[in-house]
Amino acid sequence: MVDVTSQMSVQTAATAKPSARRYYVLGLLTIIYALNFLDRTIFNVLIEPIKKEFQLSDTMMGLLAGFGFALFYSLLGIPIARVADRLNRRNIVAAAFAFWSAMTALCGAASSVTSLALARIGVGIGESAGSPASQSIVADLFAKNERPRALGIYAVGTYLGVFLGYFVGGYVNQHYGWRMAFYVAGLPGILLAIVLWLTISEPKRGAMQENFVPEPLGPTLRFLASQRSFIIVLIGFCLTTYTNYATAAWIPPFLARVHHLSSAEIGTYAGTFKGLAGMAGTLLGGFVVAQISRRDDRWKLWAPAITSGLAGPVFALCMLTQDFALMVATLALTSFLVGFHLGPIFAIAQTVAKPSMRALASALIALTATCFGQGLGPLAVGVVNDALKGAHGADAVRYSLLSAAVTTTLGALLFVWAARSIRDDIGRAAA
């Protein structure tokens, strides 16, 4: 039995920590998360020049953009997250950040597709340690009802990184070449990793919840598997993440091939209308869901279901329209709608898990979704591109990307289903 009065006093005391300090940590982790996605995204805007230099097919570019990164990211993320549930998370994030930043810079030194693939694998290995430990830190700084807002701010890093990746990649590639773009993206991260290590400290684990008890791996996995909402959200997030990564990888080639934009123009349009609109949706999603779910926890999933469901037909229109202005408008709206669900879904992983399980729960959500979404999304679109190229030419990418409209709609249906059990699962996590 949980002593509710005592638990509330613990949460109140923790929440009373100087707000500026909590938000400094949140802000720094959000910037690091943004650079995580910058280092992933910059490859996407460089697909065309890399493909040309190494004479590769769309299928091979899909492998490099997808499984070349996601396989090791997913394989190593779970054991590293388990370590993060027991050891110093600040140190784990700092070391991982420095490593993946160095690997990003090494992509620029690649002399062959093999060395490029190895550097991409290195980026994936480093990034696998960053987000689960970061989200666990945030969960120990913000109480349950604050987490959708806090993790919504954190999730803004996704689209801030996309925005920066498109802009940096597009501009630097056009003026200095694709290799310099990787150097510019990677090297600053090493310095910021030192700032992180010097300026933040490890928060008390379970500070927002009194009943913190370390759990062995077996019981942890059994508990998470018994949380129905967690499992259904995991599957739904895989599908919506497919949409995110398939579009992130192939929107730049789509703009180049179908709408004939230059590299700098691609960075401008994709960065502004995909990156900034996604940031707005992610930030608004965190704040809105934090408010409307106070009386009914089911809104933590109903709201993401509504926006993800709307994203499907909007993106289909984006792909099929011949009008450039309408394409740009629907691209922005799609990014806004898909971005809306990120903070609330991250918060679900932290809320239906016990404090001792949060990094692992976050890793299961993020890494499984990344393996499916980033692994399969770019590759599937690349394979279909090659298959349709003979019949449709440059328009092949337009039709292959329609799969992303289907997956986000299916993900929305699963979020509705998961909402049926969310209240019971939150109660079990707090017991």
At what distance, to the nearest 0.5 angstrom, does [atom1] of [X] lie from [atom2] of [Y]?
X: M357; Y: T220; atom1: CE; atom2: OG1; result: 4.0 Å
X: E53; Y: K51; atom1: CD; atom2: NZ; result: 14.5 Å
X: N385; Y: L379; atom1: CG; atom2: CG; result: 11.0 Å
X: L64; Y: N44; atom1: CG; atom2: CG; result: 11.0 Å
X: F336; Y: L310; atom1: CZ; atom2: CG; result: 10.5 Å
X: I194; Y: I190; atom1: CD1; atom2: CD1; result: 8.0 Å

Can [X] be said to sit on top of [Y]'s aromatic six-ring, NZ or CZ under 6.0 Å from centre and within 45° of the ring axis?
X: R21; Y: Y24; result: no
X: R120; Y: F43; result: yes
X: R149; Y: F142; result: no

Do [X] and [Y] have side chains that approach each other closer than 4.5 Å (heavy atoms only, starting at C-beta)?
X: I345; Y: F415; answer: yes
X: L28; Y: V25; answer: no
X: V416; Y: L301; answer: no
X: F340; Y: V288; answer: yes
X: C107; Y: L116; answer: yes
X: N173; Y: E48; answer: no
X: F315; Y: V338; answer: no
X: S101; Y: L35; answer: no

Could you go step by step and tell me if L29 and Y154 meet the side-chain contact (heavy atoms from CB on, under 4.5 Å) rule?
-> CA-CA 7 Å; L29 292 175; Y154 175 80; 4.2 Å; yes

I would like to know whether F273 and Y166 meet ring-ring contact (aromatic ring centres under 6.0 Å, His included); could you show each step before the answer?
-> CA-CA 11 Å; F273 295 101; Y166 285 145; over 10 Å; no

Ring centre gap for Y242 and F237 strictly below 6.0 Å =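 Ring centres of F237 and Y242 not closer than 6.0 Å.
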
Is the centre of the Y159 ring less than 6.0 Å from the centre of the F163 ring?
->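 Ring-ring flag for Y159/F163: false, centres at least 6.0 Å apart.
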
Closest non-hydrogen atom pair between [X] and [Y], with its separation:
X: G169; Y: A181; answer: CA-CB, 4.3 Å
X: L151; Y: Q135; answer: CD2-CG, 4.1 Å
X: A150; Y: V138; answer: CB-CG1, 3.9 Å
X: A418; Y: V233; answer: CB-CG2, 3.7 Å

Begin with the C-alpha distance, continue with both residues' side-chain angles, and end with the deciding distance and a verdict on side-chain contact (heavy atoms from CB on, under 4.5 Å) for L221 and L364.
-> CA-CA 10 Å; L221 292 174; L364 286 170; 4.3 Å; yes

Donor-acceptor check, side chain of [X] to backbone of [Y], threshold 3.5 angstrom: yes or no?
X: R398; Y: T321; answer: yes
X: T408; Y: G312; answer: no
X: D297; Y: R423; answer: no
X: S131; Y: E127; answer: no
X: R89; Y: A133; answer: no
X: R90; Y: T199; answer: no
X: S115; Y: S112; answer: yes
X: T247; Y: N244; answer: yes
X: S57; Y: M60; answer: yes
X: Q374; Y: G66; answer: no

Is any NZ, NE, NH1 or NH2 atom of the basic residue among [X] and [Y] found under 4.0 Å from an Asp or Glu carboxylate oxygen of the other?
X: R257; Y: D395; result: no
X: K389; Y: D58; result: no
X: E146; Y: R294; result: no

Evaluate side-chain contact (heavy atoms from CB on, under 4.5 Å) for L320 paired with Y399, printing each intermediate quantity in order.
-> CA-CA 8 Å; L320 296 176; Y399 303 118; 4.1 Å; yes

Decide whether [X] and [Y] meet the rule of one side-chain donor and one side-chain acceptor closer than 3.5 Å.
X: R428; Y: S226; answer: yes
X: W100; Y: N36; answer: no
X: T407; Y: T243; answer: yes
X: H341; Y: T307; answer: no

Would one find more than 12 heavy atoms of other residues, nucleotides or ligands at under 6.0 Å from atom CZ of R228?
->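 No, the 6.0 Å shell around CZ holds no more than 12 heavy atoms from other groups.
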
What do the steps show when you test M103 against L106 for side-chain contact (heavy atoms from CB on, under 4.5 Å), and what is the final call?
-> CA-CA 5 Å; M103 290 297 103; L106 283 177; 3.2 Å; yes

Go through the steps to decide whether Y269 and F167 satisfy the test ring-ring contact (aromatic ring centres under 6.0 Å, His included), and finish with yes or no.
-> CA-CA 9 Å; Y269 280 98; F167 261 103; 9.9 Å; no

Over 60° means perpendicular and under 30° means parallel, so classify the ring planes of [Y] and [X], tilted if in between.
X: W302; Y: W299; answer: perpendicular
X: F324; Y: H259; answer: perpendicular
X: W178; Y: F182; answer: perpendicular

Stepwise ring-ring contact (aromatic ring centres under 6.0 Å, His included) test for F37 and Y33 | CA-CA 7 Å; F37 271 84; Y33 193 49; 5.1 Å; yes

